Enquirer: 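Structure below; questions to follow.
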Amino acid sequence: MASARTPVLLDCDPGHDDAVAILLALAAPSIDLLGITTTFGNCSVEDATRNALRVLALAGRGDIQVAVGAAAPLAGEAALGNYVHGVSGLDGPELPEPLSTPVDQSALQFQVDLLESAHSPVTIVATGPMTNIGLLLTQRPDLISKVDEVIFMGGSTSRGNHTPTAEFNTHSDPEALDVVLTSGVPVRMVGLNLTHQALATPEVVQRMSAMEHRVGQVCAEWMGFFGDSYQRLWEFDAPPVHDPCTVAALIEPALIEWREAFVAVELEGRWTRGTTVVDLYQRYPEMDPNAFVAMTLDATAYWDLVLQSLDTLGGAA
Ligand code: BDR
Ligand code: CA
């Protein structure tokens with residue numbers, strides 16, 4: 001009998017908001033989290049892997065397999081996001097030690113084995129630089145039919161954050177994103193224009209603090225660290241919690257309104273490398289839409305979902 005759960009492979013660089021995305025995926029009855037692959041991004045891939053394992057330990061889930069992915073982008077050198085997420089990539093509260101070690105194969109081989117053996121197409125959720133997915137689709141284009149969609153946090157229909165025009169994840173590996181956008185695989189983009197609607201306001205953080213378990217306390221402290229970074233760097237009063245928007249879209253599709261559009265990523269620009277170019281108004285009529293772009297978030301329903309999920313997970317951990 002076919003399962004109603006969505007099989008998900010989560011590719012991430014935890015990271016405070018990646019960490020919440022992991023917890024949300026673990027909590028969701030409708031998601032079957034098949035494994036986690038890690039990448040450089042917010043920190044080195046070694047730190048991202050350790051952080052992923054510690055987040056899993058926080059949830060008491062040593063059973064989820066983690067595979068180590070890319071240490072650097074397809075072209076150029078890695079520029080890390082420690083300036084946002086701290087020395088460890090996940091600074092703030094003390095976390096438990098990992099309950100398990102990474103699997104003894106690369107993220108690429110892990111992805112390949114998982115897709116080859118999958119009974120139904122797998123959803124790839126990407127919340128860091130797109131390197132691991134770019135490598136997969138370049139080396140094994142035959143497996144595209146086994147991918148239901150790639151839903152990624154990255155890019156923007158408007159401004160950037162890492163540079164004035166480019167968002168951090170898309171700036172980190174534009175060549176890999178270009179592979180994904182031109183591969184023919186179904187793509188959904190959750191950019192800054194959407195995630196800046198997902199603000200962890202004082203009321204949201206208070207609801208985390210009020211939870212009577214470690215998961216709630218830790219999430220509240222993460223928001224404190226992340227919020228300080230956003231205040232210092234971008235003058236935000238509350239931090240946008242980007243990455244869980246991707247997972248939330250899978251759990252409750254009605255949370256987000258989408259627009260079909262042609263999306264490209266700038267590979268050359270002197271000032272604009274890594275910027276997503278989103279043709280919302282069909283100014284390039286010769287270019288067919290290749291993605292669905294997240295436009296509007298029901299922020300109240302988003303936070304209700306995230307907070308209820310964290311509370312259920314933390315209560316059971
Ligand atoms: C993205 O970059 C990282 O700082 C976050 O984890 C998120 O994936 C936001 O631009
Ligand atoms: Ca991330």
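Throughout, numbering of the chain's residues begins at 1 and tracks the sequence. All values reported here derive from a predicted model rather than from experimental measurement. Below, each value reflects all heavy atoms present in this structure, side chains not excepted, and no hydrogens, waters or symmetry copies.
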Enquirer: Could I get the full list of side chain to side chain contact (heavy atoms under 4.5 Å, CB included) partners for D228, not counting sequence neighbours?
Expert: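 Partners of D228 under the side chain to side chain contact (heavy atoms under 4.5 Å, CB included) test: none.
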Enquirer: Is R273 paired with E175 through a side-chain N to carboxylate O contact shorter than 4.0 Å?
Expert: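 Salt bridge present between E175 and R273.
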Enquirer: Could you report the tightest heavy-atom contact between A19 and P14, atom names first, then the distance?
Expert: N-CB, 4.3 Å
Enquirer: Any side-chain heavy-atom pair from Q105 and V68 closer than 4.5 angstrom?
Expert: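 Q105 does not reach V68 side chain to side chain.
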Enquirer: Measure the CD-CG distance between Q109 and L114 for me, rounded to the nearest 0.5 Å.
Expert: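 Between atom CD of Q109 and atom CG of L114 there are 11.0 Å.
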Enquirer: Using atom types as modelled, flag every donor-acceptor pair under 3.5 Å from a side chain in residues 297-311 to any protein atom, sequence neighbours excluded.
Expert:
from	atom 1	to	atom 2	distance (Å)
D298	OD1	T300	N	3.4
D298	OD1	A301	N	3.1
Y302	OH	V241	O	3.1
W303	NE1	L199	O	3.0
D304	OD1	R207	NH2	2.9
S309	OG	L305	O	2.7
D311	OD1	H213	NE2	2.7

Enquirer: For V277, which fellow cluster members are found when Ile, Leu, Val, Met, Phe, Trp and Tyr are connected by side-chain heavy-atom distances below 4.5 angstrom, either directly or through intermediates?
Expert: F262, Y284, M287
Enquirer: Looking only at heavy atoms, what is the nearest atom pair of L95 and R54, with distance?
Expert: O-NH2, 2.8 Å
Enquirer: So do the side chains of N51 and N42 get within less than 4.5 Å of each other, counting heavy atoms only?
Expert: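 Not touching, per the 4.5 Å side-chain cut-off.
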Enquirer: Any salt bridge (Lys or Arg N to Asp or Glu O under 4.0 Å) involving residues 114-139? Give me the pairs, sequence neighbours left out, ordered by first then second residue.
Expert: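 Pairs touching residues 114-139 that pass the test: E116-R140.
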Enquirer: Using side chain to side chain contact (heavy atoms under 4.5 Å, CB included) as the criterion, list what pairs up with S158, not counting sequence neighbours.
Expert: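 Side chain to side chain contact (heavy atoms under 4.5 Å, CB included) check on S158 returns S156, N193.
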Enquirer: Determine the minimum heavy-atom distance between P98 and A57, stating which atoms define it.
Expert: CA-CB, 4.2 Å
Enquirer: Just so I know, are the side chains of F292 and M189 near enough to count as touching, which here means a heavy-atom distance under 4.5 Å?
Expert: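 No, too far: nothing below the 4.5 Å cut-off.
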Enquirer: Just verifying a value: how many Å separate D47 CG and L80 CG, rounded to the nearest 0.5 Å?
Expert: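 Here the rounded value is 9.0 Å.
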Enquirer: Under 6.0 Å between the ring centres of F225 and H85?
Expert: no
Enquirer: So L137 and M130, do their side chains get closer than 4.5 Å, heavy atoms only?
Expert: no
Enquirer: Just checking, is any N or O donor in the side chain of D13 or T39 under 3.5 Å from an acceptor N or O on the other one?
Expert: no
Enquirer: When D11 is tested against each of T38, I133, T127 for side chain to side chain contact (heavy atoms under 4.5 Å, CB included), which residue passes?
Expert: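 Of all the options given, the one that passes is I133.
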Enquirer: Assigning hydrophobic clusters by single linkage (Ile, Leu, Val, Met, Phe, Trp, Tyr; side-chain heavy-atom cutoff under 4.5 Å), is M295 placed with F152?
Expert: yes
Enquirer: With a 6.0 Å cut-off (strictly less than), is the heavy-atom count around CG of D63, excluding the residue itself, greater than 12?
Expert: yes
Enquirer: Linking I/L/V/M/F/W/Y whenever their side-chain heavy atoms sit closer than 4.5 Å, directly or via other members, would I64 and L53 fall into one cluster?
Expert: yes
Enquirer: How about S88 and D91: does a side-chain donor come under 3.5 Å of a side-chain acceptor?
Expert: yes
Enquirer: Between R159 and P164, is any pair of side-chain heavy atoms under 4.5 Å apart?
Expert: yes
Enquirer: Return the orientation label for the Y230 and H242 ring planes: parallel under 30°, perpendicular over 60°, tilted otherwise.
Expert: tilted
Enquirer: Could you check whether Q111 and N132, counting side-chain N and O atoms only, form a donor-acceptor pair closer than 3.5 Å?
Expert: no
Enquirer: Answer whether the closest heavy-atom distance between the side chains of Y83 and H162 falls below 4.5 Å.
Expert: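 Answer yes - side chains close enough.
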Enquirer: Output all residues satisfying salt bridge (Lys or Arg N to Asp or Glu O under 4.0 Å) with D288, sequence neighbours left out; order by chain, then residue number.
Expert: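 Scan of D288 (salt bridge (Lys or Arg N to Asp or Glu O under 4.0 Å), adjacent residues dropped) gives none.
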